[in-house]
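Accompanying notes for the structure given below.
Each residue takes its place number in the sequence, starting with 1. Below, all heavy atoms of this structure are taken into account, side chains as well, without hydrogens, waters or symmetry copies.
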Amino acid sequence: MKVIRLILISTLLFILCLVENYLNTFIPLDFGVYIFLISLVYIGIEIFNQSLVLPIFLSGILYDSFFSTYYLGLYTAIFLIVVVMSNFIVSRYSRTNAIYVITISLCLLIYKIPIILEFDVDYWLASYFTSIFVNSFIFLFLKRVVTGNV
């Protein structure tokens, strides 16, 4: 049962990664809508434990295999760092909307570090702040929807 659960989580994460890649490729926006990043931050904040390391690792390997031209394992490390960083920041500080926005902005920097290093910073900096705003709004909306306060 544990193996099936890990395979299902890995498949779901990879499908989210596919959706994010195709969404940002085919919709010409000046900013990115990073659904996979939002899911990684949510995993890091709410449900992170040792059993989720392997599915995140597998989704990173699949991403490196199909979409990346970098070394095998680069995005695996980036995905794990994003989850651990979001878990650390939120567990260290209080759970407020300002901390969530700061967490998403730092995780977005880590998430897009290969693009920042490959291209000029000015190329990506213009859409960075808009991406923070849009992705923070999506994250806070989904967090409010998922948490069922009665």
Rounded to the nearest 0.5 Å, what separates atom [atom1] in [X] from atom [atom2] in [Y]?
| X | Y | atom1 | atom2 | result |
| --- | --- | --- | --- | --- |
| T76 | I61 | OG1 | CD1 | 3.5 Å |
| I78 | K112 | CD1 | NZ | 9.5 Å |
| L18 | S59 | CG | OG | 11.0 Å |
| S51 | I9 | OG | CD1 | 6.5 Å |
| L80 | Y75 | CG | OH | 14.5 Å |
| Y111 | I38 | OH | CD1 | 10.0 Å |

Do [X] and [Y] land in one hydrophobic cluster if side-chain heavy atoms of ILVMFWY residues count as linked below 4.5 Å?
| X | Y | value |
| --- | --- | --- |
| L52 | I4 | no |
| F137 | L106 | no |
| F129 | V101 | yes |
| L16 | L8 | no |
| L37 | V84 | yes |

* With C107, the side-chain contact (heavy atoms from CB on, under 4.5 Å) member among I89, V41, L40 -> V41

* Count the heavy atoms of every other residue, nucleotide or ligand shown that sit under 6.0 Å from OH of Y42, and state whether that count exceeds 12. => yes

Ignoring hydrogens, what is the shortest heavy-atom contact between [X] and [Y]? Give both atom names and the distance.
| X | Y | answer |
| --- | --- | --- |
| R95 | V90 | CG-CG1, 3.8 Å |
| N135 | Y34 | OD1-N, 3.0 Å |
| I110 | M85 | CD1-CE, 3.4 Å |
| L58 | S10 | CD1-OG, 3.6 Å |
| S86 | G44 | OG-CA, 3.4 Å |
| S94 | I99 | O-CG1, 3.3 Å |

* **Centroid-centroid distance, F36 to F79, less than 6.0 Å** => yes

* Ring center gap for Y100 and F139 short of 6.0 angstrom -> yes

* List the steps and the verdict of side chain to side chain contact (heavy atoms under 4.5 Å, CB included) for N87 and I45. => CA-CA 5 Å; N87 187 340; I45 289 173; over 6 Å; no

* To do: Could you walk me through whether I43 and L13 pass side chain to side chain contact (heavy atoms under 4.5 Å, CB included), step by step?
  => CA-CA 11 Å; I43 287 171; L13 287 174; 3.9 Å; yes

* Asked: With a 4.5 Å limit on heavy-atom distance, are the side chains of P55 and R5 in contact?
  -> no

* Residue pair V53, F48: steps toward the side chain to side chain contact (heavy atoms under 4.5 Å, CB included) verdict -> CA-CA 8 Å; V53 171; F48 183 64; 4.1 Å; yes

* Asked: So, S105 side chain and I132 main chain: donor-acceptor pair closer than 3.5 Å or not?
  -> no

